[in-house]
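Here's the structure we're looking at; comments come further down.
As the structure lists them, so they are numbered: ligands from 1, and atoms in each ligand from 1. Starting from 1, each residue takes its place in the sequence as its number. The figures that follow rest on heavy atoms only: side chains count, while hydrogens, waters and symmetry mates do not.
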Amino acid sequence: MKALVFYEFREGCLELREVPEPEVGPADVLLRVKAAAVCGSDIERVHCRSSSTVTPVIIGHEFCGVVERVGAEVRRWRPGDRVVSENTGYVCGECYACRTGKFLNCPERKLLGGKLDGGFAEFVRIPGDVLAIYPQSLRRLPDNLSFEAGAILEPSCNAYFALIQEGGLQLGQKAVIFGPGAIGLFAVAWAKLAGAGQIILVGGSENRLELGRALGAHQTVNYRRAGGVPDAVGSLIGPNQADLVLDASGGGNVLADAIAIARPLGKIVNIGWAGEHRVNLDPAMRKGLDIIGHLGYDTTSWDRVLFLAGQNALDYRKFISAVFPLEEWREAFKGMEERRYLKAVFTF
Ligand SMILES: [Zn+2]
Ligand SMILES: [Zn+2]
């Protein structure tokens, strides 16, 4: 089968290869990939900036498809089922995170498309070991949803988890979202649906900010043009007025701005990976802020998002910039890296 393989932990070691189809053990599910999306973290991975990677590995962790074949012990799935993977390939099943159902926080977790073979391939094996501990790591795709949309459910779950579950957004609240990438823009769309009173999107690209306004942001701030982001946001919602700030940008200075913008006793959810945050936390203590470290999603996020997607609550097409066959992976990666594409999706 064709697969996009990161074959050595070295810059540029990515190529389309012919590899054997995965073998299917008695508890495994073999998925025929129908669509898979490129994530910002795939770019980081092939530039050797991700620790959750082994080589050689087939990358791609945002994917969906159809069950092709199941092992003899599998009862839950049948060939032909339309499914989306939440991309967990292994968890220990014993740590605190696993015991409380927070599988993404398992220190032993292996990502399909990071430490185990993932979805930029014609087929991907969902290991029986993980399905035994965490059956919900494989989900039924709602009938109304296209495979292209199915491939980008994952970042929308991510945004839902940050905004609604961790951030606890309530009707009428003021939300400020930094970073108009896929997660930030999904957060804008969910905030609109959830009835946020005011949604402010902060970013550096006019095209993305415009898309943000189309998705429901009431106002946008271009940090390249604004004198200072806290003042610019303050002029829109009042100083120290944000009930909730999401940092989906990964900018090292954003946490300081978020602290300045948040109201006393407000919340900040940190989604983006900055490497290093340059910030004085004293003002956050004075305000009594909750600063929440975010990772991924949980089963509840997937339950809710699959339900909402099944009701056509979001138009997922607005988030897909381009669709390619896997052979054109270079252009898909280039466009993502240059931020010309919000989401590039491979179809099979
Ligand atoms: Zn991702
Ligand atoms: Zn664990």
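In this structure, Trp302 and Tyr297 have perpendicular ring planes: the angle between them is above 60°, well past the 30° mark.
No cation-pi contact links Arg45 to Phe6, judged by a cut-off of 6.0 Å to the six-membered ring centre and 45° from its axis. Seen from the ring of Tyr90, Arg109 does not count as a face-on cation partner, given the 6.0 Å and 45° thresholds.
Protein contacts to the Zn ion (ligand 1) involving N, O or S atoms at a distance below 2.8 Å are Cys39 SG, His61 NE2, Glu62 OE2.
Under a cut-off of 6.0 angstrom, the local environment of CZ in Arg330 is sparse, with at most 12 non-hydrogen atoms contributed by other residues, nucleotides or ligands.
Vertex the Zn ion (ligand 2), arms ending at SG of Cys92 and SG of Cys95: the angle is 110° after rounding to 10 degrees. Seen from the Zn ion (ligand 2), atom SG of Cys106 and atom SG of Cys98 lie 100° apart in angle, a value rounded to 10°.
Of the candidates Val29, Leu112, Leu153, Ser85 forms a side chain to side chain contact (heavy atoms under 4.5 Å, CB included) with just one, namely Leu112.
Asp28 places a side-chain N or O within donor-acceptor distance of the main-chain N or O of Gly128, the cut-off being under 3.5 Å.
Counting side-chain heavy-atom gaps under 4.5 Å among Ile, Leu, Val, Met, Phe, Trp and Tyr, the cluster of Leu289 also holds Val176, Phe178, Ile200, Val202, Val221, Tyr223, Val229, Val233, Leu236, Ile237, Val245, Val254, Leu255, Ile259, Ile261, Ile268, Val279, Leu281, Ile291.
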